[in-house]
Amino acid sequence: MSEPDLTVILPTRNGGDWLEDALEALAEQRWDGSWEIVFVDNDSDDETPQLLAAAVDTMPVPARLVTATEHHNLSHARNTGVDAARGRSVAFVDDDDLIADGWVAAMGEALHEHEFVASAFDYHRLNPAGVAEARGSFQTVELGDLFGKPIVSGGGSGCRRALWHQLGGNSQTFPATGQDMDFALRVAALGTVTPHFCAGARYHVRLRDGARTSFRQGRKYGRWSVRLFRLHGAPAGERADSPSRMIRRWGGLMRRSGALLDRHRRLAWMWQAGQRVGRLQGSLAERTWYP
């Protein structure tokens with residue numbers, strides 16, 4: 001059997017209410033290129049395995065279901081999906097997001113020309129207006145950056161399978177978040193691959209709602225950003241904030257605490273507060289100053 005141009009990989013664990021929408025969006029994709037789908041069940045204990053098994057027969061192209069049971073984390077699930085892939089390139093869909101019409105075609109065409117491709121994020125379809133305005137800005141019209149290097153988010157991203165294997169895939173030292181940024185920074189370190197922003201590949205991102213959830217997610221990002229700094233930022237000469245600058249950042253956050261009185265501004269404030277707390281916790285855990 002010939003190698004398809006693209007493998008779309010959808011990893012999930014206990015996909016819940018969102019998974020059916022993600023599967024429906026995938027089933028509606030059309031592209032003249034050759035492609036396949038790999039579903040990865042990361043040891044779910046709800047109805048997810050049954051949903052995925054049923055979806056295999058409804059997809060527009062060959063699809064298969066594999067399991068990733070050794071670790072309960074996204075890095076392990078994505079790596080397992082790529083190991084099962086046959087495509088020259090791979091592209092990732094997260095179970096709580098939605099791909100727009102034409103996403104597969106846009107990504108497939110872009111990956112003919114580029115080794116590493118980012119989708120164009122949209123935050124409005126799946127989130128209340130205030131939530132989207134408060135937090136939805138990353139990777140909407142261009143690539144983001146970290147430590148002066150271009151960053152491609154894992155959800156909605158695509159790359160050549162050879163590049164994925166060359167770098168060893170997602171690092172399982174980032175089980176909760178940060179694995180996509182770590183991978184992008186390792187790509188940047190090669191010095192031979194230029195990431196491409198594909199404006200035609202619209203990818204609808206679902207943000208977490210609720211003040212507590214925003215704080216917890218922000219804290220996760222904050223903690224793992226310290227490891228990213230230790231591995232990539234500090235060796236490249238990036239400098240952490242001085243104690244005085246850290247105090248000013250905290251002071252600015254406290255001065256904006258009136259945002260807690262407004263529902264949507266409260267979510268953004270809790271996200272930022274979570275990041276600051278997470279960076280303090282991460283600095284202790286990693287023994288690296290990056291508050």
Test item: [X] side-chain N/O and [Y] main-chain N/O as donor-acceptor pair under 3.5 Å:
X      : Y      : result
Arg161 : Val90  : no
Glu36  : Ala85  : no
Gln139 : Ser153 : yes
Asp122 : His124 : yes
Glu113 : Glu109 : no
Glu28  : Asp101 : no
Gln29  : Ala100 : yes
Trp31  : Ala106 : no
Arg13  : Asn73  : no

Report yes if some heavy atom in the side chain of [X] is under 4.5 Å from a heavy atom in the side chain of [Y]; otherwise report no.
X      : Y      : result
Leu207 : Leu126 : no
Arg219 : Leu280 : no
Tyr221 : Trp271 : yes
Cys198 : His114 : no
Asp182 : Thr173 : no
His204 : Asp97  : no
Gln166 : Glu115 : no
Thr80  : Glu70  : no

[atom1] of [X] to [atom2] of [Y]: how many Å apart, nearest 0.5 Å?
X      : Y      : atom1 : atom2 : answer
Ile99  : Arg202 : CD1   : CZ    : 14.0 Å
Gln172 : Leu74  : CD    : CG    : 10.5 Å
His196 : Leu111 : NE2   : CG    : 9.0 Å
Arg276 : Gln281 : CZ    : CD    : 13.0 Å
Gln275 : Phe215 : CD    : CZ    : 11.0 Å
Arg249 : Arg245 : CZ    : CZ    : 4.5 Å

Determine whether [X] and [Y] fall in the same hydrophobic cluster, where Ile, Leu, Val, Met, Phe, Trp and Tyr are linked whenever their side-chain heavy atoms lie under 4.5 Å apart.
X      : Y      : answer
Val205 : Val152 : no
Phe138 : Met270 : no
Leu185 : Leu163 : no
Val117 : Leu6   : yes
Ile151 : Tyr123 : yes

Next item on the list: Might you work through the side chain to side chain contact (heavy atoms under 4.5 Å, CB included) test for Arg160 and Arg88, ending with a clear yes or no?
Entry: CA-CA 6 Å; Arg160 299 276 176 83; Arg88 176 170 178 258; 3.3 Å; yes
To check you understand the geometry: which heavy-atom pair defines the closest contact between [X] and [Y], and what is its length?
X      : Y      : answer
Ala201 : Met107 : CB-SD, 3.7 Å
Ala63  : Val56  : O-CG1, 3.2 Å
Tyr290 : Ser283 : N-OG, 3.1 Å
Pro150 : Leu143 : CB-CD1, 4.0 Å
Asn42  : Ala68  : ND2-O, 2.7 Å
Phe116 : Cys159 : CD1-CB, 3.8 Å

Note to self: Using the ring centroid of each side chain, check whether Tyr203 and Phe92 are separated by less than 6.0 Å.
What the structure shows: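 Ring centres of Phe92 and Tyr203 not closer than 6.0 Å.
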Checklist line | Neighbour count above 12 (heavy atom, 6.0 Å) for Glu238 CD | finding: yes
Notebook entry, point to check: How about Gln50: does its CD atom have over 12 heavy atoms from other parts shown lying under 6.0 Å from it?
Noted result: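 Enclosed.
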Next item on the list: Determine the interplanar angle of the Trp224 and Phe174 rings, folded into 0 to 90°, and report it as parallel if under 30°, tilted if 30 to 60°, perpendicular if over 60°.
Entry: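 Because their plane-to-plane angle lies in the 30° to 60° range, the rings of Trp224 and Phe174 count as tilted.
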Check: Could you walk me through whether Phe183 and Asp180 pass the side chain to side chain contact (heavy atoms under 4.5 Å, CB included) check?
Finding: CA-CA 5 Å; Phe183 184 81; Asp180 49 357; 5.7 Å; no
Check: So, Gln179 and Arg78: side-chain donor and acceptor under 3.5 Å apart, yes or no?
Finding: no
Item checked: Residue pair Ser34 / Asp5, side-chain donor-acceptor N/O under 3.5 Å ->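 The answer is yes; a qualifying pair exists.
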Margin query: Out of the candidates Ile37, Thr7, Leu52, Val38, only one should pair with Arg64 under the side-chain contact (heavy atoms from CB on, under 4.5 Å) rule; please name it.
Written below: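 For Arg64, the side-chain contact (heavy atoms from CB on, under 4.5 Å) check succeeds only for Val38.
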Notebook entry, point to check: Do Phe229 and Glu286 pass the side chain to side chain contact (heavy atoms under 4.5 Å, CB included) test, and can you show the C-alpha distance, the side-chain angles, and the key distance before you say yes or no?
Noted result: CA-CA 10 Å; Phe229 174 77; Glu286 299 289 331; over 6 Å; no
Note to self: Between Trp164 and Asn79, does the side chain to side chain contact (heavy atoms under 4.5 Å, CB included) criterion hold? Intermediate values first, please.
What the structure shows: CA-CA 9 Å; Trp164 182 271; Asn79 290 338; 3.1 Å; yes
